[in-house]
Amino acid sequence: APWPALPPPPPAVIPRHLPELDELERLLALHAQHLHVQQVCRVALPGGPSFPVHAISLGSSDPQAPAVGFFGGVHGLERIGAQVVIAFLQSVLHRLPWDCTLQYLLERVRLVFMPIVNPGGMWAATRANPRGIDLMRNAPVDAKDRVPFLVGGQRLNSGLPWYRGRLGDPMETESQALCSLVQTELLGRPFSLALDCHSGFGVTDRLWFPYAHTREPM
């Protein structure tokens, strides 16, 4: 009689290696008593690992208190943005036990962090997320004014940069998680500010005040 067929080998598991996420999770575990942490979504790569997207907050619980949000890692190639936000969070947490001025400030102000918005893109070393969509261009509104060709977002092909996704599709999971956090934590307050950290654009560092769909003041 022929030998029985051997069972198929288990699928290969690609190990997760994302130093920025490892560092962030180490910080969250070390300072858990000071933080409110949510896993707002999870991003899975086809045939690869999956990554959580964390939202972190600390400080005043008063819904009328001013709030500042810090975001990084929207573009997977721009690792410095995530690293800056994580380093700032680390500085805040290390100062918190002894810095009386910081303690006083956090009684009156809320800080919100989403250091790695696009962990799948960061793992794959791509600007876009694992579905090939540029999260900075993934919005349900269109510009009222002319925008630079392609750079302002395009729906032609995900193989080209700055792809917005197909017209009519829902926002990407990561984009929706970011917007939901902003709506929940920032928009309902008398004053809030959001800082989104990227790498430089061109040869000069810039501080941008974006209002994506129009050049008119907010």
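- Summarising the geometry of G72 relative to D196, their closest heavy-atom pair is N-OD1, 4.3 Å, with the distance given to 0.1 Å.
- Residue pairs meeting the salt bridge (charged side-chain N to carboxylate O under 4.0 Å, His left out) criterion with at least one member in residues 122-132, sequence neighbours excluded: E78-R127, R127-D134, R131-E172.
- Closest non-hydrogen pair, V85 versus C197, comes out as CG2-SG, 3.9 Å.
- S180 pairs by the side-chain hydrogen bond (donor to acceptor under 3.5 Å, both in side chains) definition with Q176, not counting sequence neighbours.
- Distance alone, capped at 3.5 Å, is enough to place a donor-acceptor pair between the N138 side chain and the R164 backbone.
- Under the 4.5 Å side-chain contact rule for hydrophobic residues, I56 and M122 share a cluster.
- In this view, R79 and E20 satisfy the salt bridge (Lys or Arg N to Asp or Glu O under 4.0 Å) rule, not counting sequence neighbours.
- Residues P161 and R137 are not in side-chain contact: their nearest non-hydrogen atoms beyond the backbone lie 4.5 Å or more apart.
- You'll find the side chain of V43 stays beyond 4.5 Å of the side chain of S50, heavy atoms only.
- We find the CG-CH2 distance between L18 and W123 to be 10.0 Å, quoted to the nearest 0.5 Å.
- Separating the CG atom in L186 from the SG atom in C179 is a distance of 11.0 Å, to the nearest 0.5 Å.
- Alongside L77, the hydrophobic cluster contains no other residue (criterion: ILVMFWY side chains under 4.5 Å).
- Residues satisfying the salt bridge (Lys or Arg N to Asp or Glu O under 4.0 Å) test with R189, not counting sequence neighbours, are E185.
- Considering all non-hydrogen atoms of both residues, E174 and P130 come closest at OE2-CD, 4.0 Å.
- Linking ILVMFWY residues whenever their side-chain heavy atoms come closer than 4.5 Å, directly or via other members, places L93 and L21 in the same cluster.
- For the side-chain contact (heavy atoms from CB on, under 4.5 Å) test, residues two or more places apart in sequence or in another chain that qualify with L102 are V92, R95, L96, D99, L105, L106.
- With hydrogens and angles disregarded, a donor-acceptor distance shorter than 3.5 Å links the side chain of Q154 to the backbone of L156.
- The side-chain heavy atoms of L28 and L24, taken from C-beta on, include a pair separated by under 4.5 Å.
- In this structure, R155 has no side-chain hydrogen bond (donor to acceptor under 3.5 Å, both in side chains) partners at least two apart in sequence or on a different chain.
- With sequence neighbours excluded, the residues that form a salt bridge (Lys or Arg N to Asp or Glu O under 4.0 Å) with R166 are D169.
- Taking Ile, Leu, Val, Met, Phe, Trp and Tyr as hydrophobic and joining them when side-chain heavy atoms fall under 4.5 Å apart, one finds L30 isolated, its cluster having no other members.
- Residues in residues 58-78 take part in these ring-ring contact (aromatic ring centres under 6.0 Å, His included) pairs, two or more places apart or across chains: F70-F88, F70-F113, H75-H198.
- The hydrophobic cluster containing F51 also contains L27, counting ILVMFWY residues as joined when their side-chain heavy atoms lie under 4.5 angstrom apart, directly or transitively.
- Hydrophobic clustering keeps L35 apart from L181 (ILVMFWY residues linked when any side-chain heavy atoms are closer than 4.5 Å, directly or through intermediates).
- Residues N118 and V74 form no side-chain contact, since every pair of their non-hydrogen atoms from C-beta on lies 4.5 Å or further apart.
- Under a hydrophobic-cluster definition in which Ile, Leu, Val, Met, Phe, Trp and Tyr are linked whenever side-chain heavy atoms come within less than 4.5 Å, directly or via other members, V37 and L58 are assigned to the same cluster.
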Any chance you could lay out the side-chain contact (heavy atoms from CB on, under 4.5 Å) test for V53 and Q39, step after step, and finish with the verdict?
CA-CA 6 Å; V53 176; Q39 183 178 300; over 6 Å; no

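- The shortest heavy-atom contact between T173 and C41 is CG2-CB, 3.5 Å.
- The structure places OG of S175 at 9.5 Å from CE of M136, a figure rounded to the nearest 0.5 Å.
- For the pair I116 and I86, the minimum side-chain heavy-atom distance is below 4.5 Å.
- Contact record, P52 with R42: CB-NH1, 3.6 Å, taken as the closest heavy-atom pair.
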Starting from the C-alpha separation in whole Å, work towards a yes-or-no answer on side-chain contact (heavy atoms from CB on, under 4.5 Å) for V68 and V112.
CA-CA 6 Å; V68 185; V112 180; over 6 Å; no

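- Annotation: ring pair (Phe, Tyr, Trp, His ring centres under 6.0 Å) contacts of H36 (sequence neighbours excluded): none.
- For the pair D22 and R26, the minimum side-chain heavy-atom distance is 4.5 Å or more.
- For the pair Q90 and H31, the minimum side-chain heavy-atom distance is 4.5 Å or more.
- Evaluation of the side chain to side chain donor-acceptor pair (under 3.5 Å) test over residues 53-65, restricted to residues two or more places apart or in two chains, returns E25-H54, S57-R110.
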